[in-house]
Amino acid sequence: MNNLKEFYYPENIAEAQKLLRDESVKKAIIAGGTSVALLNTGSVEGMVDITRMGLNYIKQDGGFVKIGATAVVEELARSPITKNLANGILAKASSEIASRPLRNMITMGGNIVQLRIWSDLPVVLLALDGQIKVQGDEERTIPADDFFREQPLKTLAHFDIVKEVVLPKTPETSGAEFIKLSKTKGDYAIMSLACYLEFEEKTCTLARIALSSVTPLPRRCKKAEKVLEGKQLTPELIAEAAAVTREKTKTISNIWGSAEYKSVVLENLVKKSLLSCADKAGIQI
Amino acid sequence: MAVKIKDELNVVGKSVLKVDGLSLACGKAKFVDDYELPECLVCKVMASPFAHARIKKIDKTRALQIPGVVEIITHEDIPRVPHTTAGQGYPEPSPYDTFTLDNKVRYVGDRVLAVAAETEEAALEALRVIEVEYEELEPVLSARDSMKEGAPVIHDEPEAHVIIPVPYEPERNLAAHVDFKIGDMEKGFAEADVVLEKEYETQYAQHCPMEPHIAATWLDENNRLVILTSTQVPFHVRRIVAERLQMPIGKVRVIKPRIGGGFGTKQEVLVEDVCAFLTLKTKRPVKYEMTRAEEFISSRTRHPQILNMKVGAKKDGTLTAISMKIIMNTGAYGSHALTVMCNSGSKILPMYNKVMNVDFCGDTVYTNMPVGGAYRGYGATQGAFAMEVIMDEIARELNMDPVEFRKINHIRSGEGSPVFAALGEGKAGVEQKIGSCGLDRCIERALEEFDWEGREERRKLAPPGKKRGFGMCILMQGSSIPEIDMGAASMKINEDGSFNLLVGATDLGTGSDTVLAQVAAEVLGISVDDFIVYSSDTDMTPFDVGAYASSTTYLSGYAVKNCAEKVKMQILKAAGDMLGVDPYDLTIENKKVTDMNGNSVTIAEVARRALYERDQHQIGAMASHITHKSPPPFAAHFVEVDVDENTGFAEVKKYVCTIDCGTAINPKLAEGQCEGAILNGISYALTEEYIFNKKGRMMNADFGSYKIFNTADLPEMKVILVPTYEETGPYGAKSVSEININGALPAISNAIFDAVGVRLRTAPFTGEKILMGMLGKNNGDPQVKPEEEAAAEEVPEENNAAEENNSNGNGVNNNNKNNGSENRKDKEGLSGEPASYGNYPAKKKKKR
Amino acid sequence: MIIQVKINGIDKEWDVDPGMILLDLLRDKGYKSIKRGCDEGYCGACTILLDGQAAKSCVMLAGQAHKRSITTVEGLGTMDEPHLLQKTFVEHGAVQCGYCIPGMLLSSKALLDENPNPTEDDVKEAIDGNLCRCTGYVKQIEAVLDTASIMRGEN
Ligand SMILES: Cc1cc2nc3c(=O)[nH]c(=O)nc-3n(C[C@H](O)[C@H](O)[C@H](O)COP(=O)(O)OP(=O)(O)OC[C@H]3O[C@@H](n4cnc5c(N)ncnc54)[C@H](O)[C@@H]3O)c2cc1C
Ligand code: FES
Ligand code: FES
């Protein structure tokens, strides 16, 4: 049942929060609207449209790339800033979401708050150590690892506004890869993977392997990362990390494929993306 | 075969612009939903949540109290008239086993009742509160189970019957049966050096016209029932609805405006009858538009088949025997149950006409699953898959190039096949010898264009991590149903020399209005712009069976030609009077009639004279046509596929299709037909399928999980028209619309085998099937029935991240609990009750 | 509530239920060129231009359109004076049933507005949200590329 009576167009976060906190009328946030429009909005009577508060920026700030919550994924796919960050995996992941008209609508914030089994951006944030800035009673910064530990909608208060996503710039000696497997291009992910490796000399100093769609929530496989960290990578080591990822990931069966198939593919694709990360970092294996 | 010189013709063979093209591109052309009907009620249909159940009780009291709810009809409120929804020639070969509303539901999505309300919101609310008490019955959820001794009987009602003498045994779930034998099978197989026997299986699929089924009905000022509907078969709709309403046909008028695609699914009468009943009850206009989910679940599908093939061949490549056995699943109702199955043989077996030992046995069975129907390809799609893959398998056994092997065996011009006479549509077929056949040339052109010879070189160019393979197949179809289908046209002149061309043939986006105008324009020496084409309105246009069986150009085109020739004679006669010469000495060209001395009168002058000046009369005519042959178009399809070794995904890189459709009346439109059919075929081969849960409910009834291809998935595609001249067709034309949907399944399966050595005999060819095959875990045989496989794949509840949260911090209520089936849980959060299942998009009730 | 929209260049003030789906609102207001193919954001039949960018009106609420500009095919060209894209679509045989065409034309227009020199891949990407079951997209892609080259003065 849709009981909406009013839309609000705050010009800044303070105004938006004021609106949300005023409980005389039950209100909710709308960004791109691509999920909200299809949802049962229940007893909500007012929608706070947060797309007109200047939060649609993508900018560099010192050692960080900062993305406003209402930047749309088409912009993420095209911006030179995202294209130059971590081998452009955020841009790549963004470009593979749905289709052009939807990419013009879907926002960064909406994509990570309305977490779906097939959401594509969370893995990238996990692999690149993203930080999510939330304005609640006060501003807080939540590491992606924590943000996705549970369904964000469950942990955020109704007046919490995701303001910004911050991604650290990656050093020269690093490589990143994003791979999405889907039935057709632009389809929901059967599996999304994002990997990131950092090297000093030839030693892998940091590894992140993040996966989604094959498990209920997006997650990193830290056991597999440990296989690589502190070592000089070899094909065997990479194969081992891939095997560990498979072993430690309880994949699920659904209409997109059986758990068994996903496990096989997971191992194959983790291997493939780790090799690609190393290659992009200029490390020969 | 001599190709008639195109230059003789002025309009035919030219890519003139589609007559309704600009209006469509400007958003002006009207589809059913674009008509504003004052006081129109919204109709919503409750769909069965159970695969098999008896309706015990329906309590509509609460619903009738909802403001805006005007009428609710159940099986108790309307007469029980057995009929078939299949819009076919009368008497129909499909069994009469369907009721507009019944006291039994036979599949998930079957109709339970219908509501008419002032708003969609009120109608949906009514569906939510109506209480229906069911007695669940044991469902039959696979074709094989349906045939088992003691299987639950799906049509246990006494009324189910057939109206022509064909085998029909509903008491053992048999909806249709055909068999025949030619020659001596034992001898045939004994003579063979290689005998292969394999089983193939095709899946459920939906037509997915972008415009779903929709109809609006009202009573006109004379109290006649008007049906505005998105249909391929306006005249069948009129007959069938009149029959169901027990009204005289003359009291019903059916109008077909612009149609947003059909592909066969709109050859069914699925929405018009409920709408009409509600209009009769309420005396108000009523509109019923299926949601996309209903379109998947409750409309029609491609019949799944299990095909058992046994083929014998000698070392030199000659075939000695072919046996084809089909089990076809028609779902809960027998729409096209006989004829689709027959076509799987009759459009496929004649291709290999040199073999004199052939047997065919087809059983169509009822299940408690979605209902099959006409779908572009009409059984030939399923048949071609089995036949063209086993031919590839045999060729490989014999170490022969699959192209060479086919060249030895395929049918040619001047040849017949005993199968033509043996297999008809509900009666014996019509014997025929092939007139035009450009298959040899199709194969040659395709070899060239595709560079089949160079394929080993190209194989090496596959990107890292991918394996490249090449496959091909050859195809034939038909053009119209001989001695059954009739098409007609009428034409009249206006005083400026323009003509009204009225055709019963149904343009559903195919461009037939244009093609038919081209035929008429050619006869009359005028241009397409001189025609005002109108299709179709049962009050205005002459009868035509409608747009199916690849008949419009070949059959209705001939009717138009006949009609135009009659008109031409009248024009010449009048012009002869004006010029004082014998009409036979006149020629008609460039909008003028000219005598041997170069004196001429314009057609407009002739028209004015006939209408106003002398010997006044209406120049005009009506003509019809039936066919005695169904000349096949022929095609060769070649495909290049890359298979990803990590994921098993097959990607079509290049697709070449050469097609002999006789004369292409409008080459651009003909190419468009081919391209559309090919892409639909590819999408069917690689992704399209129905996934069911254990209870027979489709789990992927939306474009998010039932994927059809978009531009991002498009391979390099090349269509080449290879002209021939079919003597029996208008200006040499045959059909073009269906044949090319049949090639992708076999050609891609063959290419995948060529790439990675995995033989896929069960469609679709998903990454999972291929990868498991590469790992030796799938030998390609259809061992696991898709139903079972799917049931095992049900999503456990915790799977969807989004589903875990029932209360959304931001206040948006996300309480989705729907047995973990949908990908987009959110929309279910709104529907609540499973009882209103078929109506879900059940997103928010719209305020309109 | 009252929303203000500029639609096909004309300013409008509509008293609407802001929770209504934008597609329903626009069709109610007579913009029938916008079609409904799924209601779920997949098919693209309901595509409009929102501030010049393609958007799917079935996954938008009316309130989101407040103070924004909308273009529909009615605003692209008329039968008397069609937009070049409309003309080339017809000439290339890109229109079959035409149900998907308004949406596809708008996606194409958005592309050409930002990129007068698109490659085939650019075109494929721009119209990837518009499903068409009749054609194989071949002629539509040709038509967009051809329009672009005519607009550049090359043809
Ligand atoms: C047909 C279709 C296909 C899709 N395919 C994909 C795909 O393949 N991959 C993919 O990743 N995504 C895909 N999406 C997008 C995804 O499903 C969501 O719809 C989208 O991410 C939501 O973003 P939005 O900006 O539209 O959010 P909205 O719909 O506006 O909001 C979604 C939720 O998040 C809350 N919210 C939004 N922004 C904020 C914020 N800044 N702070 C706090 N709360 C906020 C809202 O209150 C609401 O509860 C698809 C969507 C559609 C319609
Ligand atoms: S109706 Fe909007 S995308 Fe289908
Ligand atoms: S032309 Fe029919 S859907 Fe595109």
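Here is how names work: the chains are called A, B, and so on, in the same order as the sequence lines, proteins then strands, and each is numbered from 1.
- For B:Lys654, the NZ atom counts as densely surrounded, since its 6.0 Å shell holds more than 12 non-hydrogen atoms of other residues, nucleotides or ligands.
- Between B:Phe263 and C:Cys134, some side-chain heavy-atom pair lies under the 4.5 Å cut-off.
- Scanning for salt bridge (Lys or Arg N to Asp or Glu O under 4.0 Å) contacts around C:Glu74 gives an empty result, with sequence neighbours left out.
- In this structure, chain B has a heavy atom under 4.5 Å from the side chain of C:Ile101, while its backbone stays farther away.
- Counting heavy-atom pairs closer than 4.5 Å to chain B, the top-ranked of the candidates C:His92, C:Glu125, C:Glu120 is C:His92.
- Nearest approach of C:Val95 to B:Lys18, heavy atoms of both residues: O-CD, 3.2 Å.
- Listed options C:Tyr31, C:Tyr137, C:Phe89 were ranked by heavy-atom pairs under 4.5 angstrom with chain B; first place goes to C:Tyr137.
- Here the straight-line distance linking atom CG of B:Asp713 with atom CG of C:Asp128 works out to 9.0 Å at 0.5 Å rounding.
- Across all non-hydrogen atoms, the minimal contact from B:Met210 to C:Tyr99 is O-CE2, 3.3 Å.
- Closest approach of C:Gln86 to B:Leu22, counting heavy atoms only: O-CD1, 4.4 Å.
- Here C:Arg133 pairs with B:Glu688 in a salt bridge; the nearest charged N to carboxylate O distance falls below 4.0 Å.
- Taking a 6.0 Å sphere around CD of C:Glu154, one finds it holds more than 12 heavy atoms contributed by other residues, nucleotides or ligands.
- Residue contact with chain C, scored on non-hydrogen atoms closer than 4.5 Å, is absent for B:Glu295.
- Using a 4.5 Å heavy-atom threshold, the side chains of B:Leu714 and C:Ile141 count as touching.
- Summarising the geometry, atom CG belonging to B:Asp702 is positioned 11.5 Å from atom SG belonging to C:Cys43; distances are rounded to the nearest 0.5 Å.
- Separating the CG atom in B:Leu24 from the SG atom in C:Cys97 is a distance of 7.5 Å, to the nearest 0.5 Å.
- B:His207 pairs by the ring pair (Phe, Tyr, Trp, His ring centres under 6.0 Å) definition with B:Tyr375, not counting sequence neighbours.
- Under the 4.5 Å side-chain criterion, counting only non-hydrogen atoms from C-beta, B:Ile708 is in contact with C:Leu131.
- Note: C:Gly37 leads C:Pro102, C:Gly37, C:Ser33 in heavy-atom pairs under 4.5 Å with chain B.
- Between B:Glu671 atom CD and C:Thr135 atom OG1 the span is 12.5 Å, to the nearest 0.5 Å.
- In this structure, the side chains of B:Thr510 and C:Gln96 stay at 4.5 Å or more apart for every pair of heavy atoms.
- Put simply, the residue from C:Lys35, C:Arg36, C:Arg27, C:Lys32 that forms a side-chain hydrogen bond (donor to acceptor under 3.5 Å, both in side chains) with B:Asp33 is C:Arg27.
- Contact record, B:Cys26 with C:Gly77: SG-O, 4.3 Å, taken as the closest heavy-atom pair.
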